[in-house]
Amino acid sequence: MASLTVTDQQVRATPARAIQPAWVRVMHWINALAMILMILSGWQIYNASPLFGFSFPREYTLGGWLAGGLLWHFAAMWLLMINGLAYLVTGFATGRFRKKLLPITPSGVLHDVRAALTFKLGHDDLTVYNYVQRLLYAGIILVGVLIVLTGLGMWKPVQLHWLVVLFGDYPTARYVHFFCMAAICAFLVVHVLLALLVPKSLRAMIIGR
Amino acid sequence: MAKRSFLIPGVDKRLLIKDSIKTMPDVTRRRFIAGGASLGALTLLTGCDVVDSSSAEEMLKQVSKFNDAVQAFIFNPDALAPTFPESAITKPFPFNAYYDLDDAPDVDGKDWKLEVRGLVDNKKSWTLDELYKLPQVSQITRHICVEGWSAIGSWTGTPLRDFLKLIGADTRAKYVWFQCADKDGYNSPLDMRSALHPQTQMTLKYADEILPRAYGYPMKIRVPTKLGFKNPKYVVSMEVTNDYKGGYWEDQGYNSFSGS
C-alpha cells in the first residue's frame, strides 16, 4: 500500500514539474521545421527577382529552381499556418501568453539586457521567462503573424486586396515580407545560440523537464 | 545595337536584356527533379526512403493540385483587380520572356488569323481587322510575375467573355486553352471562370498604340487575376475544352491555377 501511494504522488507530481507542456513542445518543433522549409524555399523565390543587390547562395535554397521553391513554399505554408493558428488559439485560451509573456516593462527589459550582456542573467528557474525572453518571444509571435499576412496578401493580391492595402501596396508587402524573414533569421541565430548556452532549456523543449 | 532600337520606342535596352536573361530556362530546373526535393523527403515524409526524392516530388504535386482547388474555391468572379491612374504606369513596361526580344515571334499582322477551336458554335477564324472592329475597353492594371516583380501597364482590347459569347462558346466547359506563335509553341490553359472574369481581355493595344512586338503582337490575353505567365502573348489559337492540356510553364512545375 505504501509503495502505491508513493507512485500516485509521483504520477501527480510529474505534470506540475513539466516546464514545457506537450502541446508547446509539439508545436514548437513543427514550427521549427515549417520555418526552415519556408525560409529556404523563400530564398529560392527571392533569387528569381532579388529585391536587393544580392542573392542567397544556391546551396542554402530549397527546390532546385523557382517552380520547385514555389511548390515547397506553398506546401510548407499550410504546415506553418495551421500550426501557427493552433498555437495562437491554445496560447490565448490556456492563458499561457498572459502568464509567461506579460508584463513586459521597459525597465525590466533594460535591466535584463544589461544582466545578459555581463553574463549575470540567471536561468535557475526555467518556468519564468526573463524580460529579454518575453520581449523576444512576444516580438517573434508578432513577426510571425505579419509574415503570414503579407505572404497571404502577395499570394492573392486580388482576392485578398484588403490585406495588401493594409501594408500599402503589393511591392511594399514584398518588402515587409522580406524584413520579417530577416527578423526571424536574426531571432533564430540568437535563439539557437542561447539554447546551446543553456542546455537545460533545450532539454525542456524536447522532453518537457 | 541599332538593329534593336527600332523595335519598341521607349523600351530600356539594358532592362530588357536583364529581364530576358533572368527568365532564361535554367538547367538547374532539372536538379529539382534530381535532388532538390530530397531534404523534404528526409524531413517531411517520415518513413520514406531519404534518397527517394520522387516521393517528395509526388507529395508536392499533390499539394499543388490541392492548392489549385483552394484557389478556385476562394476565386471570386466579381472581385476586380485594382486599377491605377495613368501616372502609376511603369515606364518602360518591361519586356519579359524566357528568350531575348530578338527571338520573339515576328508576326505579320496581314497573314495572322486567330483560330477558334473546340466547344464553340462558330469556328470561323478571325483576322486582325475583324478583331479591331469589336468593341474595346481599357484597363490600367498590375502585372505580377511569378518571380515576384510587378509592373503597371495600360491595356486595351475586347473582354474575352464578350468574344466567347460572340462565338457561341460553351461556357460550361472547363478551360480555354491558348496556343502561341513562340518558337517552342508556348501554350497555357485558363480556367473558364477566370476566362469569364470581367477584366480578362483579348488585348490588342498597349498605351493606346497597336500592341508592340515586345508585349505580344498582334494579340495577348490579359488576365489581371492571374500571374504573368498565365497571360499568353502572340496568341494564334484558342480552344474551348474540358480537357486539361497542360501548358508551357505549368508542365515544368508552376502551379496551374496561379491566381492572384
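The sequence lines fix the lettering, A, B, ..., with proteins before strands; numbering per chain opens at 1.
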Flag side-chain contact, heavy atom, 4.5 Å: Ser49(A) against Cys145(B): no
Rounded distance [0.5 Å steps], CG in Leu70(A) versus CD in Glu147(B): 10.0 Å
Atom group of Val146(B) that falls short of 4.5 Å from chain A, counting heavy atoms: both
More than 12 heavy atoms from other groups under 6.0 Å of NZ on Lys174(B): no
Interface residues of residues 72-82 of chain B facing chain A - heavy atom cut-off under 4.5 Å: Ile74(B), Phe75(B), Asn76(B), Ala79(B), Leu80(B), Ala81(B), Pro82(B)
Euclidean distance, Asn255(B) CG relative to Phe74(A) CZ, rounded to 0.5 Å: 7.5 Å
Candidate pair Trp78(A) and Val63(B), rule side chain to side chain contact (heavy atoms under 4.5 Å, CB included), full reasoning: CA-CA 10 Å; Trp78(A) 293 109; Val63(B) 178; 4.2 Å; yes
Interatomic spacing from CE in Met154(A) to OG in Ser260(B) - rounded to 0.5 Å: 12.5 Å
Gap between atom CH2 of Trp72(A) and atom OG of Ser64(B) - 0.5 Å precision: 13.0 Å
CA sep, side-chain torsions, deciding dist, call: Gln71(B), Lys156(A), side chain to side chain contact (heavy atoms under 4.5 Å, CB included): CA-CA 9 Å; Gln71(B) 294 178 87; Lys156(A) 293 283 158 275; 2.8 Å; yes
pair Pro157(A)-Ile144(B): side-chain heavy atoms closer than 4.5 Å: yes
Reported CH2-to-CG distance for the pair Trp249(B) and Leu66(A), which is rounded to 0.5 angstrom: 8.5 Å
Atom NZ of Lys200(A) with >12 non-hydrogen neighbours under 6.0 angstrom: yes
Over 12 non-hydrogen atoms of neighbours within 6.0 angstrom of CZ in Phe52(A): yes
Pairwise distance OH(Tyr254(B)) to CG(Leu71(A)) - rounded to 0.5 angstrom: 10.0 Å
